[in-house]
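One structure below.
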Amino acid sequence: MKCRILHESRGRMRVRMLQRRMTVAQADKLHYYLQAQEGITKVTVSERTMDVTILYKEKAGVRESVIQSLSDFGYDRTEAAVPEHTGRELNRTYEDKLFSMVMRRAVNILVLPAPVRHLFCLGKAVRYLGMGLRCLMNGRLEVPVLDATTISVSLLRGDYATAGSIMFLLDAGGLLEEWTHKKSVDDLARRMYLNVDKAWVKTQDQEEVLVPVSDIKPGDVIVVRTGNVIPLDGHVMAGEGGVNQASMTGESLPIAKSEGAYVYAGTVLEEGELEIRVEKALGSGRYDKIVNMIEESEKLKSATESRASHLADSLVPWSLGGTALAWLLTRNVTRALSFLMVDFSCALKLAMPISVLSAMRECSDHHINVKGGKFLEAVAQADTIVFDKTGTLTCATPGIGEVVPFNEDDEDELLRLSACLEEHFPHSIANAVVREAEKRGLIHEERHTKVEYVVAHGIASSVNGKRVLIGSYHFIFEDEKCRLPEGEEAKEKFENLPEDCSHLYLAIGEELAAVICIEDPIREEAYRVVNDLHGEGFTRVVMMTGDSRRTAAAVASRLGMDEFFAEVLPEDKAAFIRREHEAGRKVVMIGDGINDSPALSEADAGVAIAAGAAIAREIADITISADDLHELIVLRRLSTALMGRIDGNYRRIMAFNGGLIALGFFGMMPSVRAALLHNLSTIYFSVDSMKNLL
């Protein structure tokens, strides 16, 4: 591709593509092609001027590599991974709308004769007067009433210039507000859209293969089991299950699904197993659902947001009353209009949601997905934080220490069987078993019948007519009443299991077959994170685990926990959070497994680890990546900063607009200028609310 270097400095180059015009699609392709090149740190492409600004690392050979990449590029011959939604089309649309609006205003003022301008002004005023009347007829005194009153008074005075200016400012302000809002939603949606999950696909050989959802096509058959999210729309081909469709329909109880039923992407299989023939591949439907989720999340306003919004509407009658009082005191219409030209509602109602959307976007930059401002406020106000241990405080990738057999099978065969069961239920320990089998080169073909997840810590199936169980001590020995093999050797081996490991028990035919010792090292950052959480204002940091009391006590002591609970069931975690609520505390719960779901739902803010079970991520209000628990500190600081920004915006907006009203009332500022500054301040506060909090 031919291009010319326009300007160059250290680590920066601006070039112009030598072509007649550049489309939005071409600009996107060039942008993502260059962004993917090694050594390039940032790319900006303008499709209007066909200029490209490239920032690159100041290393030997990088500049030459950039020039070579530009030379090799071609729209037809070059491949580039361009996302389906880039935001460029949205910006182009609103830029064109704003330009057209300004040009129409210029033609109106400079070209049209006065009588025509006046008729045009009267025609345009009808829309604003209609909105104000509809507001009054519905018994509401809100901003449209103020706008209609201001325009009406200006027209009755014969001041068409002021009326026209007010309507232009309202139109421009509305367009910029809409643009700002849609851009915030689009930025957040694109970040969330890139989080691609995987699903089990059934091959023609009846084997199951784990593949990215983006690779699944209509007609493929996927297998979904208890606790997993249904990734794509489709018809049930086999199996039965209860599907939680709350995310789609709002129904709180699971809906029974069997052969022939239709299921929707994003719903959760709470129990059972389904084979689903995919009807719709991953595409724009997923993006649209994410956008809808974000827009729905705006309804989950924090109490601080809601107070500001209600205050904005409640101030409208005071503005009208101030107008009447100013006219009675001064008999000056211009001064009275100062109350009408400025209102608090626009800035308050726009800046607050933009602040929340911006905070959600910034959370996404830190690998944190949040479902609404309500949950950020809960995190900011919480005084108690509860951790599940395994996969949360301990490494998300625990390892296998050893496999201790208790029957005649060798440890590889027992590990093979364990991996065959565990691969269907993603959890840190299950993943460890599967990884160890792969590491040893063990092929674990599907030899079992239907796999059933039992919520009280275990998996059940059948192999060669025998019931096979794998899970915790509580599940194997207390719930399922399994027993040790007879003989002193088995008893001695059981009593001498390594104490510094967690234990996963495998039973076949109601008899213990093996114990898998899980090396579950504590995360390197866990101690620092617990200490920092205390520093961030959490008065109680609690750990809850299904492990033995001895193991739990050792971990809690090392991490500096305020309290810990061992050998707990899922309902015990939820019950603890209910007790905390009764004591007047706000609670954040951190978990990653299916067994954490009741507690995640019960907490003021449930935080799921992204590497954990899909149902935990679906139920949780917030999801963080499993790479570093320090993201919890980032989440707390972002939440606190957001609440500070909302309160600060409230004070600034009230002070600035109150000052404009005062200046207009005392005759120190023309009403049109006050209206202009009011609209500009609304845009300023909105754009300022989009800045990063940290």
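For the pair E510 and R467, the salt-bridge criterion is not met [side-chain N within less than 4.0 Å of a carboxylate O]. Residues R578 and E582 are not paired through a salt bridge, judged by the lack of any N-O separation under 4.0 Å between the basic side chain and the carboxylate.
Taking the side chain as every heavy atom from C-beta outward, V236 and V263 approach each other to under 4.5 Å. Annotation: side chain of L417 is in contact with side chain of I508 (closest heavy-atom distance under 4.5 Å). Residues C517 and H503 have side chains in contact (heavy-atom distance under 4.5 Å, counting atoms from C-beta outward). Put simply, the side chain of L533 reaches to within 4.5 Å of the side chain of I633, judged on heavy atoms. Side-chain contact between D562 and V542 is absent, with no heavy atoms from C-beta onward closer than 4.5 Å. Side-chain contact between V211 and D220: absent, with no pair of heavy atoms (C-beta onward) separated by less than 4.5 Å. Counting heavy atoms from C-beta on, the side chains of I624 and L632 come closer than 4.5 Å. Put simply, the side chain of L512 does not reach to within 4.5 Å of the side chain of N407, judged on heavy atoms.
With hydrogens and angles disregarded, a donor-acceptor distance shorter than 3.5 Å links the side chain of R523 to the backbone of T394. At distances below 3.5 Å, at least one donor-acceptor pair connects side-chain atoms of K257 with backbone N or O atoms of Y262. Under the 3.5 Å distance criterion, the side-chain polar atoms of E208 are left unmatched by any main-chain donor or acceptor of V223. Judged by distance alone, the side chain of E362 and the main-chain N or O of L694 form a donor-acceptor pair under 3.5 Å. Side-chain atoms of T539 come within 3.5 Å of backbone atoms of D383 as a donor-acceptor pair (strictly under, hydrogens ignored). Checked by atom type and distance alone, the side chain of D410 pairs as donor or acceptor with a backbone atom of E413 at under 3.5 Å. A distance-only check finds a donor-acceptor pair linking the side chain of D572 to the backbone of L569 [under 3.5 Å]. Checking side-chain atoms of D604 against main-chain N and O of V587 turns up a donor-acceptor pair under 3.5 Å. Checking side-chain atoms of R636 against main-chain N and O of A382 turns up a donor-acceptor pair under 3.5 Å. A donor-acceptor pair is defined here as one N or O able to donate and one able to accept, closer than 3.5 Å; no such pair exists between the side chain of E580 and the backbone of R585.
Between V588 and V607, the closest heavy-atom pair is CG1-CG2, 3.8 Å. The two residues M561 and V530 make their nearest non-hydrogen contact at CE-CG2, 3.8 Å. Considering every non-hydrogen atom in both N496 and E492, the closest pair reads ND2-O, 2.8 Å. The two atoms that bring L269 and G241 nearest to each other are CD1-CA, 3.9 Å, heavy atoms only. The shortest heavy-atom contact between I577 and M589 is CD1-CB, 4.0 Å. When all heavy atoms of A605 and D621 are compared, the pair lying nearest together is CA-OD2, 3.4 Å.
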Exercise for the section: Any chance you could lay out the side-chain contact (heavy atoms from CB on, under 4.5 Å) test for V433 and L415, step after step, and finish with the verdict? Expected result: CA-CA 7 Å; V433 173; L415 180 62; 4.0 Å; yes
Practice task
Kindly determine whether C420 and V463 satisfy side-chain contact (heavy atoms from CB on, under 4.5 Å), including the steps that lead there.
Solution key: CA-CA 11 Å; C420 190; V463 175; over 6 Å; no
Handout entry: Check against ring-ring contact (aromatic ring centres under 6.0 Å, His included), F477 and F494
Key = CA-CA 13 Å; F477 293 103; F494 188 80; 5.7 Å; yes
Handout entry: Working for side-chain contact (heavy atoms from CB on, under 4.5 Å), residues K493 and F406
Key = CA-CA 8 Å; K493 191 186 293 186; F406 282 80; 3.9 Å; yes
Problem - Full working for side-chain contact (heavy atoms from CB on, under 4.5 Å) between E602 and K573 - result: CA-CA 9 Å; E602 190 70 38; K573 298 177 183 179; over 6 Å; no
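Ring geometry for F576 against F565 counts as tilted: the plane angle lies between 30° and 60°, on a 0 to 90° scale.
For the atom pair I476 CD1 and L506 CG, the distance stands at 7.5 Å (nearest 0.5 Å). Considering CD1 of I622 and CD1 of I590, their distance stands at 8.0 Å, rounded to 0.5 Å. The line from CD of E422 to CG of L504 is 5.5 Å long, rounded to the nearest 0.5 Å. Distance check, rounded to the nearest 0.5 Å: NE2 of H366 to CZ of R361 gives 9.5 Å. Atoms CD1 and CD1, from I222 and I230 in turn, are 7.5 Å apart once rounded to the nearest 0.5 Å. Distance check, rounded to the nearest 0.5 Å: OH of Y505 to OG of S418 gives 13.5 Å.
For E478, the CD atom sits in a packed shell: over 12 heavy atoms of surrounding residues, nucleotides or ligands are nearer than 6.0 Å. Enclosure of atom CZ in R558 is not indicated, since only 12 or fewer non-hydrogen atoms of other residues, nucleotides or ligands lie within 6.0 angstrom.
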